[in-house]
Amino acid sequence: MKPLDREFYLRDTLTVAKELLGKYLVREMDGGYLVGRITETEAYIGAIDKACHAYGGKITPRTKTLYEQGGTSYVYLVYGMYHCMNVVTEPQGEAAAVLLRSVEFVKGYEEASMLRYGKELEVLSKAQLKNFANGPGKLCKAMGITREQNNRNLCGQNFFITDCIEGINNPTFELGISPRIGIDYAQEAKDFPWRFFSI
DNA sequence: CTGCCGATTTAC
DNA sequence: TAAATCGGCAGA
């Protein structure tokens with residue numbers, strides 16, 4: 001369970017967004033591990049993307065995290081009640097990130113159930129499993145990710161992404177591509193095919 | 001300081 | 001289809 005190294009994140013944002021599919025988001029909490037396989041991502045590239053918070057070089061207290069070096073977390077609150085977890089990409093000074101939109105839990109489901117629903121789910125129906133963390137807000141709720149986790153180094157040992165979990169088989173999948181979700185205000189950028197998901 | 005709006009989710 | 005809910009940001 002070795003964190004992806006810095007070099008992984010310092011690359012082109014679209015490449016990182018695609019390659020994050022099938023990787024595992026890991027968060028250590030109270031000595032246990034919450035682990036989810038990433039199944040959906042979106043790229044946001046400040047230099048050319050009106051949907052990006054840092055479009056046009058905009059620097060505010062919130063967006064300054066987007067300018068950090070690749071491998072940093074960018075977490076913010078949307079709609080006054082949900083958090084979104086992003087991974088900053090590219091070298092320091094380039095505002096770009098990948099939004100993690102969906103994971104499938106592979107470890108720590110009991111603890112995650114407490115965080116998400118306030119109780120442990122005994123019976124896991126197919127629908128419950130599917131709906132558990134298949135959205136950016138749900139994902140953060142289930143993994144206890146809030147603005148406290150903003151601007152963290154993702155190359156450390158308690159909050160990171162890895163490509164291998166012992167005892168877990170890496171399934172193969174095909175790459176799906178589509179426009180991004182929920183950015184109808186972003187003019188021409190709303191049609192950019194920057195959403196990636198595993199099929 | 002005021003007012004508008006959102007990279008969502010859930011319930012009706 | 002609409003409500004929930006509040007921080008971020010622009011403009012006065």
Side-chain angles (χ1 to χ4, degrees), chain A residues 9 12-21 23 25 36 38-68 70 72-90 94-105 112-119 121 124-152 154 161 176-198:
Chain A
Y9 301 103
D12 166 72
T13 304
L14 296 177
T15 301
V16 175
K18 288 177 226 178
E19 292 192 14
L20 279 174
L21 294 174
K23 301 287 194 294
L25 178 62
I38 297 167
T39 56
E40 182 182 347
T41 63
E42 282 179 358
Y44 288 83
I45 305 174
I48 56 174
D49 177 12
K50 288 177 182 169
C52 183
H53 294 156
Y55 173 68
K58 185 164 73 174
I59 300 179
T60 67
R62 180 175 64 160
T63 66
K64 69 179 196 299
T65 302
L66 280 166
Y67 294 85
E68 296 293 334
T72 303
S73 64
Y74 171 52
V75 183
Y76 65 91
L77 184 69
V78 273
Y79 296 108
M81 59 193 107
Y82 300 107
H83 294 272
C84 285
M85 161 78 192
N86 297 249
V87 178
V88 174
T89 56
E90 318 238 8
E94 283 286 312
V98 174
L99 169 68
L100 305 185
R101 288 191 59 89
S102 176
V103 301
E104 289 173 1
F105 263 77
S113 293
M114 288 300 297
L115 290 164
R116 175 102 156 81
Y117 297 114
K119 63 185 178 192
L121 296 184
L124 311 178
S125 69
K126 256 190 171 174
Q128 281 176 323
L129 276 174
K130 181 177 182 302
N131 286 314
F132 193 71
N134 63 339
K138 300 180 194 178
L139 180 166
C140 286
K141 187 97 189 286
M143 295 191 85
I145 296 170
T146 69
R147 278 175 297 173
E148 291 208 350
Q149 277 64 241
N150 181 48
N151 207 351
R152 297 289 190 87
L154 294 173
I161 297 171
I177 303 178
S178 84
R180 294 168 293 175
I181 306 294
I183 54 159
D184 287 350
Y185 59 86
Q187 302 173 30
E188 80 283 351
K190 79 181 170 60
D191 298 317
F192 293 175
W194 289 359
R195 171 173 174 256
F196 307 100
F197 50 97
S198 60

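By convention in this document, chain letters (A, B, ...) are assigned in the order of the sequence lines, proteins followed by strands, and residues within each chain are numbered from 1. Note that this is a predicted model, so its numbers are computed, not measured.
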Practice task
Answer yes or no: does a side-chain N or O of Thr60(A) lie under 4.0 Å from OP1 or OP2 of dC9(C)?
Solution key: yes
Handout entry: Base-pairing assignment for dT5(C) (Watson-Crick or G-U wobble, both under 3.5 Å)
Key = none
Practice task
Provide, to the nearest angstrom, the distance between the CZ atom belonging to Arg62(A) and the C1' atom belonging to dA10(C).
Solution key: 13 Å
Practice task
Select base, sugar-phosphate, or nothing to describe what Arg116(A) touches, counting heavy atoms under 4.0 Å on all strands.
Solution key: sugar-phosphate
Exercise for the section: May I ask you to check if Arg180(A) and Phe196(A) form a cation-pi contact, with NZ or CZ under 6.0 angstrom from the six-membered ring centre and within 45° of the axis? Expected result: no
Handout entry: dA7(B) OP1/OP2 closer than 4.0 Å to side-chain N/O of His53(A)
Key = yes
Handout entry: Atom CD of Glu148(A) with >12 non-hydrogen neighbours under 6.0 angstrom
Key = no
Exercise for the section: With the side chain of Tyr185(A) defined as its heavy atoms from C-beta on, choose the nearest nucleotide among dG6(B), dG7(C), dA10(C). Expected result: dG6(B)
Fill in the blank from the handout: Among the nucleotides dT5(C), dG8(C), dT8(B), whichever has the atom closest to the side chain of Met81(A) is dT5(C)
Practice task
Please state whether the phosphate of dT9(B), meaning OP1 or OP2, lies under 4.0 angstrom from any side-chain nitrogen or oxygen of Lys141(A).
Solution key: no
Problem - His53(A)-Tyr76(A) aromatic ring centre distance below 6.0 Å - result: yes
Exercise for the section: Could you check how far CZ of Arg195(A) sits from P of dT8(B), rounded to whole Å? Expected result: 11 Å
Practice task
Could you check whether Ile183(A) gets within reach of a base, just the sugar-phosphate, or nothing at all, counting any heavy atom under 4.0 Å?
Solution key: sugar-phosphate
Practice task
Could you tell me the separation between the OH atom of Tyr44(A) and the C1' atom of dA7(B), rounded to a whole number of Å?
Solution key: 4 Å
Fill in the blank from the handout: Separation of dG6(B) atom C1' from Tyr55(A) atom OH, nearest Å, is 19 Å
Practice task
Check whether any side-chain N or O of Tyr82(A) sits under 4.0 Å from OP1 or OP2 of dT5(C), and answer yes or no.
Solution key: no
Exercise for the section: Only one of Leu66(A), Ile183(A), Thr63(A), Thr13(A) passes side chain to side chain contact (heavy atoms under 4.5 Å, CB included) with Cys52(A); say which it is. Expected result: Leu66(A)
Handout entry: Watson-Crick or G-U wobble partner of dG11(C), both distances under 3.5 Å
Key = dC1(B)
Problem - Interatomic distance, Tyr79(A) OH vs dA11(B) P [rounded to whole Å] - result: 18 Å
Handout entry: Sugar-phosphate, base or nothing in reach of Thr63(A), heavy atoms under 4.0 Å
Key = sugar-phosphate
Exercise for the section: Send over the distance from Asn150(A) CG to dG8(C) P, rounded to a whole Å. Expected result: 10 Å
Problem - No-H, no-angle donor-acceptor pair, Tyr76(A) side chain to dA7(B) base, under 3.5 Å - result: yes
Problem - Ser102(A) and Thr39(A) side chains, donor-acceptor separation under 3.5 Å - result: yes
Practice task
Starting at atom NZ of Lys130(A), determine the distance to atom P of dT10(B), rounded to an integer number of angstrom.
Solution key: 12 Å
Practice task
Tell me what Arg180(A) touches on the nucleic acid: a base, only sugar-phosphate, or nothing, going by heavy atoms under 4.0 Å.
Solution key: nothing
Practice task
Identify which one of Lys138(A), Glu42(A), Met85(A) satisfies the side chain to side chain contact (heavy atoms under 4.5 Å, CB included) criterion when paired with Arg101(A).
Solution key: Glu42(A)
Problem - Nearest-angstrom distance from the residue atom NE2 of His83(A) to C1' of dT5(C) - result: 12 Å
Exercise for the section: State which of dG7(C), dA7(B), dC9(C) makes the closest approach to the side chain of Arg101(A). Expected result: dA7(B)
